[in-house]
Protein chains: 2
Amino acid sequence: MAMGRPREFDADAALDQAMEVFWRHGYEGATIAQLTEAMGINPPSLYAAFGNKEGLLKAALDRYTAKRAAWMEEVLSAPTARDVAERMLMGTADSQTDPDNPPGCLLVQGGLACGTGSENVPFELAARRALTEDQLRERFVRAKKEGDLKPSADAAALARYLSAVSAGMGVMASSGADREALRQVANVSVKVFEEQSAK
Amino acid sequence: MAMGRPREFDADAALDQAMEVFWRHGYEGATIAQLTEAMGINPPSLYAAFGNKEGLLKAALDRYTAKRAAWMEEVLSAPTARDVAERMLMGTADSQTDPDNPPGCLLVQGGLACGTGSENVPFELAARRALTEDQLRERFVRAKKEGDLKPSADAAALARYLSAVSAGMGVMASSGADREALRQVANVSVKVFEEQSAK
DNA sequence: CCATAAATGTAGTGTTCGCTACAGATGTGG
DNA sequence: CCACATCTGTAGCGAACACTACATTTATGG
């Protein structure tokens, strides 16, 4: 049987462009016209490849998290819980103010509240934020076993705390906070882990 | 000269309803149809009273911050910086999970990223978040003068930190985090202030 | 070389958006 | 009681939205 005409655009390169549009304007603020122009394709190609606007968002989110996976491994491989926190928050401060990307974090900027018909977009973003929190929690459980965090430390609470701080930094970055401001927040936040460390 | 027909609806009550719609759906997700229905008026009344959708948002934000002013005074009147932080974050945890309101914080939920034509909405929200941060910073400057925070403490950084944590809690609350989860974050966050207190 | 399968570009579709023209209603000042 | 100013409800405006029908192009399998 015949195989059909091959696609003329690079799906990953197009997704990178779509990711940036969603990142900068949010899910509802991004229009199909903006997306297709940034991706360098026409609407029928977009719909053939990704189904609809929400499918495109999910594909862009997959690529976003895949790109961060290596960095997250680097974070989790720090020797102590305190160092994990420091790498996590300092890296967040830097990436959220990287001029090569829109400010903030796609998983926050993408959309916290949406209109009728897009109610599950916020849940989609929240689910992906939760994955990072899970990784952190497991890392802190390990830190307790290793005697790195004191026995009374609450691994889940510390993971939630880091998740909250990085989301908060995303909010600040999206409204113009510069790298120095975010690093200040990161430095203050890390102090919690020094107090929770086994002495 | 004649004074014209008086308005038949209570502007403040209508603003409370509009506030809730913006809070739940965000600026772009909220439609004029939803707003007018919640407010119990027709579009011409809305436009006569508030100019346009963005004017209505600003009026709703004014009312939001006015309602919180008394609570903020209560927070700032705490005796020590540590107690200010605790009241602030615990109060935030409770109000962001109050079943009488939509989850989260209007100043975060309202819109971090917007489409073309609404670019200044995020700035509008950020400006109002900055006011709270300013109040906290001044309170911590005072705490240093009073010897309540140690001399090396950075009042601006601590205020930014509290602002970031409460924004992060807003993100979590909007995606379903319950009151207990937010209180955990608040409890962990407050520890920073114990370490920064003059002993 | 032909039949088939899939992607492409043009040019729309119907719907919903924010917003308003207009006529009638309801009050105040003289 | 009248002239005027403003609010109210109905109805609908143009524009922008997500999405698609269709003819064409470009590949593969036989």
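No hydrogens, no waters, no symmetry mates; every other heavy atom, side chains included, goes into these values. First the proteins, then the strands, lettered A, B, ... as listed; each starts at 1.
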Between P on C:dG9 and CD1 on A:I41, what's the gap in Å once rounded to a whole number? 9 Å
Whole-Å distance separating the CG atom of B:N42 from the C1' atom of D:dG12: 14 Å
Take the protein atom CE of B:M3 and the nucleotide atom P of C:dG30, then report the distance between them rounded to whole Å. 11 Å
So which pairs with a foot in residues 48-60 of chain A pass side-chain hydrogen bond (donor to acceptor under 3.5 Å, both in side chains), sequence neighbours left out? A:E54-A:N120
Without placing hydrogens or testing angles, list every side-chain donor-acceptor pair under 3.5 Å for residues 31-43 of chain B, not counting sequence neighbours.
{"from": "B:T31", "atom 1": "OG1", "to": "B:Q34", "atom 2": "N", "distance (Å)": "3.1"}
{"from": "B:Q34", "atom 1": "OE1", "to": "B:T31", "atom 2": "N", "distance (Å)": "3.1"}
{"from": "B:Q34", "atom 1": "NE2", "to": "A:T116", "atom 2": "OG1", "distance (Å)": "3.3"}
{"from": "B:T36", "atom 1": "OG1", "to": "B:I32", "atom 2": "O", "distance (Å)": "2.9"}
{"from": "B:T36", "atom 1": "OG1", "to": "B:A33", "atom 2": "O", "distance (Å)": "3.0"}

Check each residue of residues 110-123 of chain A for a non-hydrogen atom within less than 4.0 Å of any atom in DNA chain C, then write out the ones that pass by number, or none. none
For B:A164, all residues meeting side chain to side chain contact (heavy atoms under 4.5 Å, CB included), sequence neighbours excluded: A:M172, A:V185
Using the test salt bridge (charged side-chain N to carboxylate O under 4.0 Å, His left out), find all partners of A:E138 that sit at least two apart in sequence or belong to another chain. none
Can we say B:E133 and B:R129 salt-bridge, meaning some charged N sits less than 4.0 Å from an Asp/Glu carboxylate O? no
Could you state the CG-P distance from A:L46 to D:dC17, rounded to the nearest angstrom? 15 Å
Which parts of residues 7-22 of chain A get close to DNA chain C, meaning a heavy atom less than 4.0 angstrom away? A:R7, A:E8, A:F9
Going 5' to 3' through nucleotides 11-24 of chain C and flagging B where a protein heavy-atom sits under 4.0 Å of the base, S where only the sugar-phosphate is that close, and - otherwise, we get ------SSBBB--B
Salt bridge (charged side-chain N to carboxylate O under 4.0 Å, His left out) involving B:D16 - partner list, sequence neighbours excluded: B:R63, B:K67
Who pairs with B:E195 by side chain to side chain contact (heavy atoms under 4.5 Å, CB included), at least two apart in sequence or on another chain? A:K191, B:K150
Looking at A:S45, does any N or O in its side chain come under 4.0 Å of the phosphate oxygens OP1/OP2 on C:dT8? yes
Under the rule for side chain to side chain contact (heavy atoms under 4.5 Å, CB included), what residues qualify as partners of B:P79, not counting sequence neighbours? B:D83, B:R87
Residue pairs passing the ring pair (Phe, Tyr, Trp, His ring centres under 6.0 Å) test where at least one lies in residues 113-151 of chain A, sequence neighbours excluded: A:F140-A:F193
Distance check, rounded to the nearest 0.5 Å: A:L158 atom CG versus A:L149 atom CG? 6.5 Å
A:A93: which residues meet the side chain to side chain contact (heavy atoms under 4.5 Å, CB included) condition with it, sequence neighbours left out? A:M169, A:L182, A:R183
